[in-house]
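What follows is a single structure, written as structure tokens, with notes after it.
Owing to the predicted nature of the structure, the values given are computational and were not obtained by experimental measurement. In the text below, chain A, chain B and the rest are named by the order of the sequence lines, each starting its count at 1.
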Amino acid sequence: AAGVIQSPRHLIKEKRETATLKCYPIPRHDTVYWYQQGPGQDPQFLISFYEKMQSDKGSIPDRFSAQQFSDYHSELNMSSLELGDSALYFCASSTGQGVFYGYTFGSGTRLTVV
Amino acid sequence: QKEVEQDPGPLSVPEGAIVSLNCTYSNSAFQYFMWYRQYSRKGPELLMYTYSSGNKEDGRFTAQVDKSSKYISLFIRDSQPSDSATYLCAMSEEDDKIIFGKGTRLHILP
């Protein structure tokens, strides 16, 4: 079965650089969520999109922005990277009917800022 | 105080034992309760979900929610080495974004 695809799997950037993370949801899933998971930490909600519109916003820094495109894939853009941005970034998708029907998570993008 | 509290472990049990994992929470508005399993370098995988209070059973897994005590549990029967992973509880108010616990690392010893 198709899963949530995230790219790249690994990314190494220097401080103050920019990074773009991509998420391709499961076909027919119209909702995408982004989470940040620091080492040994629980995933923290960043932002979500439903039908290409931002639906909720969590602890996302102003240096980060995201959008969902017409094909429902989403991109997380991160600028002026800091060492503390090093983390695993997950996206999850759902049918828009919400968490009761279960998110499906991608395998994540591991971002290392050096 | 975090909205969701979960003992990070690690928890080591012998193969075949019954495992009990639990979380407490402070937000009485949570209505949706989930358990995720996360293997190393992988995304969380949904195991069980329940709405409001009660029990739910799926194979070797049983989820319990006690809203009056703000306490949820996951029981794993006949534990297997392949059950070794981090288990995250997660909760949601309005069927949207979810709040995770820190996860409990579980080791099943052969």
Side-chain angles (χ1 to χ4, degrees), chain A residues 1 3-7 9-10 21 23-26 29-51 53-60 87-112, chain B residues 1-10 21 23-27 29-54 56 58 61 63 65 72 85-106:
Chain A
V4 176
I5 307 296
Q6 288 189 248
S7 68
R9 291 294 304 275
H10 302 275
L21 279 53
C23 171
Y24 296 87
I26 288 175
H29 279 195
D30 50 18
T31 306
V32 169
Y33 307 82
W34 285 97
Y35 285 81
Q36 176 192 57
Q37 187 175 25
Q41 300 297 313
D42 49 303
Q44 293 291 314
F45 172 72
L46 292 177
I47 195 167
S48 62
F49 293 88
Y50 169 64
E51 282 292 345
M53 299 287 289
Q54 181 181 309
S55 55
D56 201 354
K57 195 170 181 179
S59 53
I60 184 169
L88 201 53
Y89 290 83
F90 290 109
C91 86
S93 72
S94 72
T95 63
Q97 291 177 298
V99 302
F100 189 56
Y101 296 89
Y103 285 7
T104 301
F105 280 85
S107 292
T109 293
R110 183 170 295 282
L111 172 66
T112 303
Chain B
Q1 181 192 10
K2 277 180 69 73
E3 282 189 287
V4 180
E5 298 282 354
Q6 183 176 11
D7 187 335
L21 304 167
C23 289
T24 58
Y25 63 94
S26 57
N27 185 354
F30 285 140
Q31 301 183 77
Y32 303 90
F33 303 91
M34 293 143 280
W35 285 95
Y36 282 81
R37 178 175 60 196
Q38 186 174 22
Y39 293 110
S40 181
R41 302 187 187 87
K42 297 288 188 182
E45 171 195 12
L46 181 67
L47 276 179
M48 304 276 290
Y49 62 86
T50 53
Y51 173 71
S52 194
S53 284
K56 187 172 183 178
D58 184 2
F61 298 90
V65 175
I72 72 169
T86 296
Y87 290 80
L88 300 123
C89 63
M91 307 175 192
S92 174
E93 288 185 25
E94 294 293 334
D95 200 26
D96 195 341
K97 71 176 185 291
I98 57 179
I99 308 299
F100 285 89
K102 291 184 77 69
T104 299
R105 286 181 293 139
L106 174 66

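- Neither the backbone nor the side chain of A:Gln6 comes within less than 4.5 Å of any heavy atom of chain B.
- In this structure, CD in B:Gln38 is found 10.5 Å from CG in A:Asp42, a value given to the nearest 0.5 Å.
- For the set B:Gly101, B:Ala90, B:Pro8, the count of heavy-atom pairs under 4.5 angstrom toward chain A peaks at B:Gly101.
- Under the salt bridge (charged side-chain N to carboxylate O under 4.0 Å, His left out) criterion, B:Arg37 pairs with B:Glu45, not counting sequence neighbours.
- Residues passing the ring pair (Phe, Tyr, Trp, His ring centres under 6.0 Å) test with A:Tyr24, sequence neighbours excluded: A:His73.
- For the pairing with B:Phe100, the ring-ring contact (aromatic ring centres under 6.0 Å, His included) check across A:Phe45, A:Tyr35, A:Phe90, A:Tyr33 returns one residue only, A:Tyr35.
- Using a 4.5 Å heavy-atom cutoff, the side chains of A:Pro43 and B:Ile98 are not in contact.
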